[in-house]
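Note that the numbering runs from 1 along the sequence shown for the chain.
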Amino acid sequence: MAEVRRRKTDNEADDAAAAVAASSAADSSDHVDSEEEKIPEEKFVEELAKNLPQGTDKTPELLDSALKDLPDRWKNWVIRGIFTWIMICGFALIIYGGPLALMITTLLVQVKCFQEIISIGYQVYRIHGLPWFRSLSWYFLLTSNYFFYGENLVDYFGVVINRVEYLKFLVTYHRFLSFALYIVGFVWFVLSLVKKYYIKQFSLFAWTHVSLLIVVTQSYLIIQNIFEGLIWFIVPVSMIVCNDVMAYVFGFFFGRTPLIKLSPKKTWEGFIGGGFATVLFGILFSYVLCNYQYFICPIQYSEELGRMTMSCVPSYLFTPQEYSLKLFGIGKTLNIYPFIWHSISLSLFSSIIGPFGGFFASGFKRAFKIKDFGDMIPGHGGIMDRFDCQFLMATFVNVYISSFIRTPSPAKLLTQIYNLKPDQQYQIYQSLKDSLGDMLN
């Protein structure tokens, strides 16, 4: 009896072992399949990294020879410092050039950032010989820019465009035309599918669309922020620059405690020091800009002058208001621009949440074992390496303005009225006439 029980137990153990082995084999098989379908495959990642340009260690020969005796740490410090000041001076010149120069710069930066992101996917395309990836990516970029920049033109210049007969069609059917252009690209992609590379091609299709979401959508929001007044563009951008620079300075001299594994060089000392410096900078810089109409006035089209104007009566936000302050029982009255309070909100976001745009980019680069997105800026990397936090900040500013600042725009309302049928326009006219008549009487 005991022998039978022992044999039964041994058989159960054998069955269990066989089940575990089968399960392990199935898991192993699934694992192999998933590795084969992974895009890009691990075996190609190192090859991708070798083919992509890296700019952090790239130095002009003249500068490299002048700094050859410095330790690598201080050499990188000097190079980063020099090109940081070059970029700041360039930014100041672009601001001096006015809104049009800023918008053109935004478009150029957008194109370059897109190119740097897509170049990673392009390496996959080159390795596997996938058809039309590069052409389709740039086609979708043009299509999305036509849609978003067209939306801006309709919003801010709709009144003028509607008066030109051959342009009225483009305004009325702008979204339909944009969708038709996208459908052409969509059909083009479907026709380019190759049986052997379905997963790779769909992965790259998603890659392109995520890149468009990150780059093009954010640049559209930046343009909208510029139209609200240059201060809504200059102050947030400057805050990100200040936070980046001061976090690097505090981390370089005082950094001891690692902040996040995705970016090993980031420290708590740099994060906190950069945050305090950004809040202080935001208050002082905002106070200076609030004194100039050039920075605070919305950009609007003047029908009388036939051009864009930046002159206005300062709104409540940019008119000094009295605030009573009591500290240790002592009362004091301060004259402060209300915009200062908003600048504190912007600076807190740029110093606390803004760096996570950089951490996101660091994780992306680590996934492909690359150090930089490009080599355009010595000591810094590519354009995307400098604008990873800016895009996140632009979205926040746009949401902040639409939630707490923006009021209905007469230009947008007129554009919508012009798109109505004549009898609907007449109805609105009669309603306004009666309402205004009652107010005047």
Side-chain angles (χ1 to χ4, degrees), residues 34-35 38-58 72-73 76-77 79-80 84 113-114 116-121 123-124 203 206-207 210-211 213-215 217-218 236 239-278 347-377 379-396:
S34 63
E35 282 298 310
K38 189 176 179 181
I39 301 296
E41 294 90 335
E42 281 296 323
K43 61 183 179 180
F44 292 122
V45 169
E46 291 185 7
E47 186 176 344
L48 292 178
K50 291 177 183 178
N51 293 332
L52 292 169
Q54 306 292 291
T56 304
D57 300 322
K58 181 182 177 181
D72 290 340
R73 186 166 181 260
N76 184 57
W77 160 271
I79 293 170
R80 283 179 67 95
T84 295
C113 288
F114 183 79
E116 290 178 352
I117 297 174
I118 286 298
S119 64
I120 300 174
Q123 294 302 320
V124 180
S203 297
W207 184 293
V210 171
S211 301
L213 176 66
I214 293 173
V215 177
T217 307
Q218 311 306 320
M239 285 176 176
I240 290 293
V241 173
C242 174
N243 183 258
D244 189 45
V245 171
M246 296 311 295
Y248 178 76
V249 171
F250 276 94
F252 186 87
F253 288 106
F254 309 109
R256 297 291 183 273
T257 313
L259 175 63
I260 187 170
K261 290 182 178 180
L262 280 174
S263 191
K265 293 184 179 180
K266 304 291 184 183
T267 63
W268 276 105
E269 290 81 3
F271 183 78
I272 296 171
F276 277 110
T278 302
S347 61
L348 288 173
F349 182 89
S350 66
S351 56
I352 297 173
I353 306 299
F356 281 84
F359 301 152
F360 175 85
S362 295
F364 182 88
K365 289 183 285 187
R366 280 181 170 274
F368 293 93
K369 298 182 180 179
I370 59 176
K371 194 173 182 181
D372 306 301
F373 282 100
D375 61 353
M376 187 172 181
I377 312 171
H380 292 268
I383 295 293
M384 190 63 197
D385 291 287
R386 291 299 91 216
F387 282 84
D388 45 15
C389 301
Q390 296 287 3
F391 289 132
L392 186 62
M393 188 69 185
T395 304
F396 173 71

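Closest non-hydrogen pair, C389 versus G354, comes out as SG-O, 3.3 Å. The shortest non-hydrogen separation linking G382 to I377 is O-CD1, 4.2 Å. Summarising the geometry of G255 relative to T267, their closest heavy-atom pair is CA-OG1, 3.6 Å, with the distance given to 0.1 Å. Heavy atoms only, all atoms of each residue included: L392 and F349 are closest at O-CE2, 4.1 Å. Nearest heavy-atom pair across D372 and D385 is CB-OD2, 3.6 Å. Among all heavy-atom pairs drawn from G275 and S351, the shortest one is CA-CB, 3.4 Å.
Atom-to-atom distance recorded for M384:CE and I214:CD1 is 6.0 Å, nearest 0.5 angstrom. Considering CD1 of I272 and CE of M246, their distance stands at 14.0 Å, rounded to 0.5 Å. Rounding to the nearest 0.5 angstrom, the gap separating the CD atom in Q218 from the SG atom in C113 is 11.0 Å. Here the CG atom belonging to L348 is positioned 10.0 Å from the CD1 atom belonging to I353, to the nearest 0.5 angstrom.
Atom NZ of K266 is surrounded by 12 or fewer heavy atoms from other residues, nucleotides or ligands within 6.0 Å. The local environment of CH2 in W268 is sparse, with at most 12 non-hydrogen atoms from other residues, nucleotides or ligands closer than 6.0 Å. For CZ of F396, the number of neighbouring non-hydrogen atoms (other residues, nucleotides, ligands) closer than 6.0 Å is greater than 12.
Sorted by first and then second residue, the salt bridge (Lys or Arg N to Asp or Glu O under 4.0 Å) pairs involving residues 351-362 (not counting sequence neighbours) form an empty list.
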| side-chain contact (heavy atoms from CB on, under 4.5 Å) assessment of M393 paired with N243 | CA-CA 12 Å; M393 188 69 185; N243 183 258; over 6 Å; no

| Would V241 and Q390 satisfy side-chain contact (heavy atoms from CB on, under 4.5 Å), going step by step from the backbone distance to the final call? | CA-CA 9 Å; V241 173; Q390 296 287 3; 3.9 Å; yes

| message | Test side-chain contact (heavy atoms from CB on, under 4.5 Å) on I120 and W207; report intermediate values, then the result. | response | CA-CA 10 Å; I120 300 174; W207 184 293; 3.6 Å; yes

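A donor-acceptor pair under 3.5 Å is absent between the side-chain atoms of R256 and the main chain of E269, judged by distance alone.
Looking only at side-chain heavy atoms (C-beta outward), I383 and E116 come within less than 4.5 Å of each other.
The ring pair (Phe, Tyr, Trp, His ring centres under 6.0 Å) search around F391 returns none, not counting sequence neighbours.
Using cut-offs of 30° and 60° on the angle between ring planes, the pair F359 and F356 is perpendicular. Aromatic ring orientation, F253 versus W77: perpendicular (interplanar angle above 60°, classes split at 30° and 60°).
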